[in-house]
Amino acid sequence: MPAAGLGTRFLPTTKAVPKELLPVVDTPGIELVAAEAAEAGAQRLIIVTSPEKQAVTDYFQPQPELERTLAERGKDALLEKVRRGPALIAAETAIQEKALGLGHAVGCAEGNLTDADDAVAVLLPDDLVLPRGVLTRMAEVRAQHGGSVLCAFDVPREQISAYGVFDVTDTDADDVKRVRGMVEKPSPDEAPSTFAAVGRYLLDRAVFDALRRIEPGAGGELQLTDAVALLISEGHPVHVVVHRGGRHDLGNPGGFLKAAVDFALEDPEYGPDLRDWLAERMSRS
């Protein structure tokens, strides 16, 4: 999980608080994404971060003193929340000294892998993919077809130029496509499909070799999509799972607010009052 960015769109808050720890209602976005990984069977979480953002990994460590205080005061509900993150998954850190693209961030995690790790899931913490479960489906597709599997959304063609877009062919499953190539941010009339990449990748370990062989782009950045394109050109099987649900973009304040409202409306404690307040507030607009 890459988490080395400066969070510039959330300044000044991110001078002191990592963006990944900002709460969606009362749960940091990174915990929501880690829960998705754990549900898909992941047991280890490698957080690729900068030396100044150790707090992101610390969030997944137990806090015995805080837990003891909450237990002594009988605050069992809060104690359960505090223990939830560390119980999800074993988190560790890989340091990215300079932010040089998503491909570079993924490459920084290679040293944390063991000989038994033949694939790696890359989950972007800015993307909440709803409902959860797409990573589990991606693992099923990899078990069937091998190679690498990415997640795609079917985006309206007039919006497609904001995304990396897949050139695909059909398979026997409606939600699974074979990838022939990718085009970064094409114009609507030149896009090879309306299937756009979002922040979920299940990559064969061969991606690390590909990352060593691609050339940096603008700003010296290594792009993960360039490494995937190289694998495709060499016959490596790549598929996408087309997810028919929704998503929230936590990478900007507007998207973050939408996620917070969406999650709060579903919360039994906050939802009813918020729904009434929103209806009253909108009537005054």
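The figures here come from the full heavy-atom set of this structure, side chains too, leaving out hydrogens, waters and symmetry mates. Note that this is a predicted model, so its numbers are computed, not measured.
With a 4.5 Å cut-off on side-chain heavy atoms, Leu278 and Leu265 count as touching. No side-chain heavy atom of Glu20 sits under 4.5 Å from any side-chain heavy atom of Pro28. For the pair Val168 and Val242, the minimum side-chain heavy-atom distance is 4.5 Å or more. The side-chain heavy atoms of Val149 and Val176, taken from C-beta on, include no pair separated by under 4.5 Å. Here the side chains of Pro51 and Glu97 are in contact, with some heavy-atom distance below 4.5 Å. Residues Thr57 and Gln61 are in side-chain contact: their nearest non-hydrogen atoms beyond the backbone lie under 4.5 Å apart. Side-chain contact between Pro131 and His243 is present, with heavy atoms from C-beta onward closer than 4.5 Å.
Shown here is Arg73, whose CZ atom has no more than 12 heavy atoms of other residues, nucleotides or ligands within 6.0 Å. More than 12 non-hydrogen atoms from other residues, nucleotides or ligands lie less than 6.0 angstrom from CD of Glu184. The environment of CG in Asp174 is sparse: at most 12 heavy-atom neighbours from other residues, nucleotides or ligands sit within 6.0 Å. More than 12 non-hydrogen atoms from other residues, nucleotides or ligands lie less than 6.0 angstrom from CG of Leu100.
In terms of the salt bridge (charged side-chain N to carboxylate O under 4.0 Å, His left out) criterion, residue partners of Arg284 (sequence neighbours excluded) are, by chain and number, Glu280. In terms of the salt bridge (charged side-chain N to carboxylate O under 4.0 Å, His left out) criterion, residue partners of Asp118 (sequence neighbours excluded) are, by chain and number, Arg142. Scored by the salt bridge (charged side-chain N to carboxylate O under 4.0 Å, His left out) test, Asp175 finds Arg137 as partners (sequence neighbours excluded). With sequence neighbours excluded, the residues forming a side-chain hydrogen bond (donor to acceptor under 3.5 Å, both in side chains) with Arg44 are Glu92, Asp117, listed by chain and number.
No single ILVMFWY cluster, assembled from side-chain heavy atoms under 4.5 Å apart, contains both Leu202 and Val122. Follow the hydrophobic side-chain contacts under 4.5 Å out from Val183 and you never reach Val228; the two are in separate clusters. If you chain together hydrophobic residues whose side chains sit under 4.5 Å apart, Leu231 and Leu102 fall into the same group. Both Ile30 and Val198 are members of a single hydrophobic cluster when ILVMFWY side chains are connected at heavy-atom separations under 4.5 Å. Neither Val120 nor Val134 shares a network with the other; the hydrophobic side chains, linked directly or stepwise wherever heavy atoms of I, L, V, M, F, W or Y lie under 4.5 Å apart, form separate groups for each.
In this structure, Val48 and Cys108 approach most closely via the heavy-atom pair CG1-CB, 4.0 Å. Of all heavy-atom pairs between Leu128 and Gly29, the closest is CD2-O, 4.3 Å. For the pair Ala121 and Leu135, the tightest heavy-atom approach, listed with the atom from each and the gap, is CB-CD1, 4.2 Å. Taking every heavy atom of both residues into account, Pro18 and Val56 meet most closely at CB-CG2, 3.6 Å. Of all the heavy atoms in Ala264 and Leu274, the pair that sits closest is CB-CD2, 3.5 Å. Summarising the geometry of Val25 relative to Ala260, their closest heavy-atom pair is CG2-O, 3.6 Å, with the distance given to 0.1 Å.
Using modelled atom types, one side-chain atom of Lys53 and one backbone atom of Gly5 make a donor-acceptor pair closer than 3.5 Å. When atom types are taken as modelled, the side chain of Arg200 and the backbone of Asp127 share a donor-acceptor pair closer than 3.5 angstrom. Side-chain atoms of Ser193 never come within 3.5 Å of backbone atoms of Asp167 as a donor-acceptor pair (strictly under, hydrogens ignored). No side-chain donor-acceptor contact under 3.5 Å links Thr14 to the backbone of Lys19.
Contacts classified as ring-ring contact (aromatic ring centres under 6.0 Å, His included) and involving residues 187-224 (residues at least two apart or in different chains) are not found. The side-chain hydrogen bond (donor to acceptor under 3.5 Å, both in side chains) contacts involving residues 255-265 comprise His248-Asp262, where partners must be two or more places apart or lie in separate chains. Listed by first then second residue, pairs satisfying salt bridge (Lys or Arg N to Asp or Glu O under 4.0 Å) with a partner in residues 228-241 read Arg213-Glu234, not counting sequence neighbours. Legend: ring-ring contact (aromatic ring centres under 6.0 Å, His included) pairs involving residues 259-285, not counting sequence neighbours: none detected. Listed by first and then second residue, the ring-ring contact (aromatic ring centres under 6.0 Å, His included) pairs involving residues 10-67 are Phe10-Phe256 (not counting sequence neighbours).
With rounding to the nearest 0.5 angstrom, the OG1 atom of Thr93 is 9.0 Å from the CG atom of Leu45. Separating the NE2 atom in His239 from the OG atom in Ser148 is a distance of 10.5 Å, to the nearest 0.5 Å. Residue Leu150 holds its CG atom at 15.5 Å from NZ of Lys177, rounded to the nearest 0.5 Å. Note that the CG atom of Leu6 and the OG atom of Ser50 stand 7.5 Å from one another [nearest 0.5 Å]. Rounding to the nearest 0.5 Å gives a distance of 11.5 Å between CD1 of Ile47 and CG of Leu123. For the atom pair CG (Asp267) and CG (Asp26), the distance works out to 6.5 Å, reported to the nearest 0.5 Å.
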Only pairs under 3.5 Å count here: list side-chain donor-acceptor contacts from residues 152-165, not counting sequence neighbours, and write none if there are none.
residue	atom	partner	partner atom	Å
Asp154	OD1	Thr194	OG1	2.6
Arg157	NH1	Pro188	O	2.7
Arg157	NH1	Ala191	O	3.3

With a 3.5 Å cut-off and sequence neighbours excluded, list the donor-acceptor pairs that the side chains of residues 216-227 form with protein atoms.
residue	atom	partner	partner atom	Å
Glu221	OE1	Gln223	NE2	3.2

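Counting Ile, Leu, Val, Met, Phe, Trp and Tyr side chains that sit under 4.5 Å apart, directly or through other members, Leu78 shares a hydrophobic cluster with Leu66, Leu70, Leu79, Val82.
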Practice prompt. Using the side chain to side chain contact (heavy atoms under 4.5 Å, CB included) rule, take Arg84 and Glu80 through it: C-alpha gap first, then chi angles, then the decisive distance, then the call.
Written response: CA-CA 6 Å; Arg84 187 175 58 206; Glu80 181 181 352; 5.8 Å; no

